[in-house]
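Structure first, commentary second.
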Amino acid sequence: MGTNIAKHPGVVRDVVDSGSEIGLHTFTHPDLTKVSDSRMELELSETQPAPAGAADITSNLVRPPYSATPKALDNNDYTEVRKLGDLGYLTVLTDLDSQDWQTDLSVAQTVANATPEDGAGGVILMHDADGDRSKTVELLEQLIPKLKAEGYTFTNVTGALNMAKANGTASTADQVRGTVLVTAVDLSTGFLTTLTWSLVGVGGLTVARLLLMVVFARRHKKKRRDPDFAWGPPVRAPVSVVVPAYNERNASKTRSDPCSRAIIRSRSSWWTTVPPTTPPNSRAAARRCA
């Protein structure tokens, strides 16, 4: 698949150097029977630069996503295969599915799924994505010696069909596009990795802050329960207290109200002098307002 080729160009080069062939599997893995013709062409045209940038090759082999055996083709699938042929691609289907993508299957079960019956040949499907692939490696380590012992030989698609090789040399333009693609994917992957770890760090700091708040809150609660607890030494000197109680909507009405003006004047005098008892003016204002 194009995105995986761009992420792992070294693996692609190793596959090509080993004599194996590289085929296309689209760039984002859509079901080609459910997308428009322009989207199909875009998926393939965007995938071609990936092997060009990774190993300086192109490919005319395609395995459509979600495809299976030739017998499983329906009308939509057949139309899709014909469209791919019109674009110059050879569609590769499979005869046997190892089902190595099913994590609950044992290696022995996947070996049995991948073994042809009655000496027949076939194209065997395996996977290199979706998490841990250690069972697929074990599958190959057991399947290849087993089939060789039964007289089987292994080849690539064009070798089995006695056709010209599917992987040609990429043009200079394709190599440049591919190099840009591989570099861009590499940079974006690095950025996402950095962003992921940054978010992990922020999450860790948030959790640490929460734990510290819990610890200090418990200590504070414990202190408050102490009968001898005090915020500090008692305040004996005169103080001024300002209460923000200004209503903008009724400001003009409040200023024109004689009762309000009397209370404001009496409170202003009270807050300034802070006598031990309520001033007479305040008591008088309270009686008038009542």
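Please read these numbers as outputs of a predicted model, since none were measured by experiment. The figures here come from the full heavy-atom set of this structure, side chains too, leaving out hydrogens, waters and symmetry mates.
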field: Any residue meeting side-chain hydrogen bond (donor to acceptor under 3.5 Å, both in side chains) with Thr153, in chain and number order, not counting sequence neighbours
entry: none
Which residues share a side-chain hydrogen bond (donor to acceptor under 3.5 Å, both in side chains) with Thr33, sequence neighbours left out: Asp31
Got a donor-acceptor contact below 3.5 angstrom from the [X] side chain to the [Y] backbone?
X: Asn167; Y: Ile22; result: yes
X: Ser67; Y: Arg63; result: no
X: Asp226; Y: Asp228; result: yes

Could you pull out every donor-acceptor pair under 3.5 Å between side chains of residues 78-97 and any protein atom, sequence neighbours left out?
| from | atom 1 | to | atom 2 | distance (Å) |
| --- | --- | --- | --- | --- |
| Thr79 | OG1 | Asn75 | O | 2.9 |
| Lys83 | NZ | Asp37 | OD1 | 2.6 |
| Tyr89 | OH | Gln48 | NE2 | 3.3 |
| Thr94 | OG1 | Ala68 | O | 3.4 |
| Asp95 | OD2 | Val123 | N | 2.8 |
| Asp97 | OD1 | Gln99 | N | 2.8 |

query: Taking ILVMFWY side chains as joined if any heavy atoms are under 4.5 angstrom apart, and letting links pass through other members, which residues group with Leu187?
result: none
Hydrophobic cluster (4.5 angstrom, side-chain heavy atoms) - remaining members for Val137: none
- prompt: Taking only residues two or more places apart in sequence or in another chain, which ones pass ring-ring contact (aromatic ring centres under 6.0 Å, His included) with Phe216?
  reply: none
- request: For the pair Asp100 and Lys135, evaluate side chain to side chain contact (heavy atoms under 4.5 Å, CB included) and give the outcome as yes or no after the intermediate values.
  value: CA-CA 7 Å; Asp100 58 339; Lys135 284 187 177 181; over 6 Å; no
- request: Using the ring-ring contact (aromatic ring centres under 6.0 Å, His included) rule, collect all pairs that involve residues 133-169, keeping only residues at least two apart or in two chains.
  value: none
Give the table of side-chain donor-acceptor pairs shorter than 3.5 Å for residues 106-114, with sequence neighbours excluded, one pair per line with atom names and distance.
| from | atom 1 | to | atom 2 | distance (Å) |
| --- | --- | --- | --- | --- |
| Ser106 | OG | Gln109 | N | 3.3 |
| Ser106 | OG | Gln109 | OE1 | 3.3 |
| Gln109 | OE1 | Ser106 | N | 2.8 |
| Thr110 | OG1 | Val107 | O | 2.7 |
| Asn113 | ND2 | Ser98 | O | 3.3 |
| Asn113 | ND2 | Gln109 | O | 3.3 |

- request: Could you list the residues that satisfy salt bridge (Lys or Arg N to Asp or Glu O under 4.0 Å) with Glu21, not counting sequence neighbours?
  value: none
I'd like a table of donor-acceptor pairs (distance under 3.5 Å, sequence neighbours excluded) in which one partner is a side-chain atom from residues 194-212, with atom names and distances.
| from | atom 1 | to | atom 2 | distance (Å) |
| --- | --- | --- | --- | --- |
| Thr194 | OG1 | Gly190 | O | 3.0 |
| Thr196 | OG1 | Leu192 | O | 2.7 |
| Ser198 | OG | Thr194 | O | 2.8 |
| Thr206 | OG1 | Val202 | O | 2.8 |

- prompt: Can you list every salt bridge (Lys or Arg N to Asp or Glu O under 4.0 Å) pair that touches residues 8-17, not counting sequence neighbours?
  reply: none
field: Pairs meeting criterion salt bridge (Lys or Arg N to Asp or Glu O under 4.0 Å) with involvement of residues 136-163, two or more places apart
entry: Lys146-Glu150
